[in-house]
> 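One structure, as structure tokens, below. Some questions next.
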Amino acid sequence: MKALITTKMKTQGKAGAQQILVSFSATVFALALGMLLIYAIGFDPFSASVAMVDGAFGSKNAFGETLVKMTPLIFTGMSYALASRCGLTNLGMEGQLYMGALTGTATGIYVSGLPAVLHLPLTILAGFLGGALWGLIAGALKVRFGASEIITTVMLNTIAISFIDYMVNGPMIEPPGINCQTQPVRSSAQLPNLLSGTRAHWGFVIAIAFVVLFWLFLWRSKRGYEVRVAGLNLSAARYSGIHTDKNILLVMFLAGGLAGLAGCNEILGIQIRMIPEISPGYGFDGIAVSLIGNNTPFGIVIGALLFGAFRAGGNRMQIRAKVPNAIVSVVQALVIFAVVASQMLLDKWNEYQMKKIHRQESEEA
Amino acid sequence: MDLLQTIGGYLFTDIRMAAPVLLAGLGLLLMNWSGLLNIGAEGIMLIAALAAVAGSHFFGSVWMGLLLAMLAGAVFGLLFAVLTVTLRANQTVVGAALNILGLSLSTTLNRVFFGIETTVTKVDAYKVLEIPLLSKIPVIGRAFFAQMPIVYIAFILVPVIHYFLFKTKPGLNLRSVGENPRVADTLGINVYRTQYLATIVGSMIIAAGGAFLSTGLLNFFAEDMVAGRGYIALAAVIFGKYRPTGIMVAAMIFMAGNVVSNVLQVAGVGIPYTFLTMIPYVLTIIALTIFASRAVAPASLGKPYKRG
């Protein structure tokens, strides 16, 4: 059984080159469909694309915006990918992101008297824990009661967002309480700027550091190996003595923490204070990021770059070409459809080739 | 007497609010019994809610809105079936993408059709259809017999779908596909066609639920107006143990959370409004937690079937 799983993992590795081809062609296909849609609803796809590319890469400032949008997407992409590697579906990134932002903001405001070198890491840790505990609820409900994490995580999203709404309008409102926002986090808890003249901040570097940790955990640790085995086949993992329940709890905790960091970094690097709408849907974007990156560290960074550029360019496109920027999410859904469809078509093609070889062999014999 | 009247009023609201979740749950049920797990009900309801408003606006009839909404639902269902049945893609991933598509496409089209001004476009909505005599029954009369047509349809579908699933040959075939597609195949049942039909018809029923949100409960479209009901319907199917009557009970219990939050809000008990809005979602989690292990899902739910 163990040997079978190892071979399954190895063949997955070999398919890497094919996977890149799949992701690339799927993206091109989805973009083409997106352009068609822009044309169909009465806009000029060419000027929309120009505005989009210009808004994402056209200047230093634009590139900085792409980095800004990329940062939370790396985290939510990793969050979905980690759960997915363990055979779980974490749709709760949005709620975990909000909870991480809340705990991070609270630590950034109410802990005082620490130098930045202590305060900033503490605040980031708090952000991680906020998301992690929120993720752990769904994990515990699944392990203890068998409640599907697909549903509980989505319900927890709505609950988290309502709770933040309450906190920002109530206990944490900035005195004297005119605007629904908290006071700014202390300067010792703010993330320094990364590229002068842009809004890009050190959260991006932290995100990349976590990508390395993500890789170390999944591919260089025993526990990570167990998680991947469990993801490939739950009953086989149980059979080989892997504690799947413990792994589910750990993975939901870590995945929640990663999404929490997305929110916390957004606060410490961009917003500085908590407001009711800090995320335009970075949580759900994580699904597409992870899928296009095939749940691999490098792939997630590329996926985040793509959708980060979409988000940055989408705003420019809305202003200049008047195309509603929600179309960016339409393209995102199309990318997901195209990736899964081409993946399956590729599998069918490989199967067909194998059959052909078999037939030739038997004919020769 | 006053108290009784109030209770009647709550029941009226509960039944009205439960109807869209019930419709979505019944649509999902057909898919689940054919072995498909579709988490995309939220997206289907959203695009249907927009299509209903568009149909009602451009053709001037709320029924044209329903037709357009069900057509949109059928298209989403077809997309789901092609990807998960024919191409055997991961059903959860495709469902999640349907939700993203439903949200973003309805938002985009809404801005294109009706502009981004703050004034919403109001459209023709369903009228209350009072059943003569029956609606005059004290206390419960109005709750049961003075509702909009779609509400009656939703509740009539409960016995109809129950009869179909458990008392007819095609229903038996559908369930056998969900339990064991290989055996069903050897018995001469066309597994793929059954799954396609279940998905498309199921999606159209879900879409009717979405249409009721924008042309029944309200008379305009608002971005992200489904607000998690598609997922609550998923929970209702599990809570209802994969039976139409169970889903009806579940939908009424979950949506009673809405009634409770309204009551508490009016009573002014000092609980912040934002906590009251959480009630249906918390209730769903609790119900799922208690009943998840007791519901027996169709044996092959969520597993792609490959012939040969």
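Lettering of chains follows the sequences in order, A, B, ..., and the numbering in each one begins at 1. Predicted model only: the values in this text are computed from it and were never measured.
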> Is there a side-chain contact between A:Phe337 and B:Leu98 (heavy atoms, below 4.5 Å)?
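The answer is yes; the side chains approach within 4.5 Å.
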
> Which bit of B:Ala96 comes within less than 4.5 Å of chain A, counting heavy atoms only: side chain, backbone, both or neither?
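Looking at B:Ala96, just its side chain touches chain A.
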
> How close do B:Thr108 and A:Ile327 get, counting heavy atoms only, and between which atoms?
OG1-N, 3.5 Å

> Roughly how far, to the nearest 0.5 Å, is CZ of A:Phe145 from CD1 of B:Ile286?
10.5 Å

> Side chain from CB out, backbone as N, CA, C, O: work out which of these in A:Phe163 comes under 4.5 Å of a heavy atom of chain B, or both, or neither.
both

> To the closest 0.5 Å, what do you measure between CD1 (B:Ile279) and OG (A:Ser162)?
11.0 Å

> Measure B:Thr289 against the heavy atoms of chain A and call it side chain, backbone, both or neither at under 4.5 Å.
both

> Quick one: what part of B:Leu109 sits under 4.5 Å from any heavy atom of chain A, side chain, backbone, both or neither?
side chain

> When only pairs under 4.5 Å are counted, which of A:Ile161, A:Val328, A:Leu141 shares the most heavy-atom pairs with chain B?
A:Leu141

> Heavy-atom count around B:Tyr192 OH within 6.0 Å, excluding the residue itself: above 12?
yes

> How about CZ on B:Phe58, more than 12 heavy atoms from neighbouring residues, nucleotides or ligands closer than 6.0 Å, or not?
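Yes, the 6.0 Å shell around CZ holds more than 12 heavy atoms from other groups.
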
> Would you say the side chain of B:Tyr231 lies within less than 4.5 Å of the side chain of A:Leu91, judging by non-hydrogen atoms?
yes

> In terms of heavy-atom pairs under 4.5 Å, which option from B:Val112, B:Thr107, B:Ile238, B:Asn90 contacts chain A the most?
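Result: the option with the highest number of such pairs is B:Val112.
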
> Where is the tightest heavy-atom contact between B:Ala97 and A:Ala333, given as atom of each residue plus distance?
O-CB, 3.6 Å

> With side chains defined as the heavy atoms from C-beta onward, is the minimum distance between B:Thr274 and A:Asn169 less than 4.5 Å?
no

> Give, for atom CE of A:Met344 and atom OG1 of B:Thr86, the distance between the pair rounded to the nearest 0.5 Å.
12.5 Å

> What part of B:Leu83 gets within 4.5 angstrom of chain A, counting heavy atoms only: side chain, backbone, both, or neither?
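It is the side chain, since no backbone atom gets that close.
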
> Taking B:Ile285 as the fixed residue, which of A:Ile159, A:Val154, A:Ile151 is the one that meets the side-chain contact (heavy atoms from CB on, under 4.5 Å) rule?
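Of A:Ile159, A:Val154, A:Ile151, side-chain contact (heavy atoms from CB on, under 4.5 Å) with B:Ile285 is met by A:Ile159 alone.
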
> Is A:Ile336 close to B:Leu101 at the side-chain level, that is, under 4.5 Å between some pair of heavy atoms?
no

> With a 4.5 angstrom heavy-atom cut-off, which part of B:Phe113 approaches chain A: side chain, backbone, both or neither?
neither

> Where on A:Thr89 is there a heavy atom nearer than 4.5 Å to chain B: the side chain, the backbone, both, or neither?
side chain

> Could you state the interatomic distance from CZ (A:Phe284) to CG (B:Leu103), rounded to the nearest 0.5 Å?
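CG of B:Leu103 is found 9.0 Å from CZ of A:Phe284.
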
> Check whether any side-chain heavy atom of B:Arg111 lies under 4.5 Å from a side-chain heavy atom of A:Asn325, and answer yes or no.
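Yes, their side chains come closer than 4.5 Å.
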
> Count the heavy-atom pairs under 4.5 Å between each of A:Gly146, A:Ala138, A:Ser148, A:Ala341 and chain B, then report the option with the highest count.
A:Ala341

> Would you give the length of the straight line joining atom NZ of A:Lys348 to atom CG of B:Leu87, rounded to the nearest 0.5 angstrom?
5.5 Å

> Can you measure from CD1 (A:Ile287) to CD1 (B:Ile100) and round to the nearest 0.5 angstrom?
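One finds 4.5 Å between CD1 of A:Ile287 and CD1 of B:Ile100.
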
> Would you mind checking which part of B:Val282 comes under 4.5 Å of any heavy atom in chain A, side chain (CB onward), backbone (N, CA, C, O), both or neither?
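It is both, since atoms from each part get that close.
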
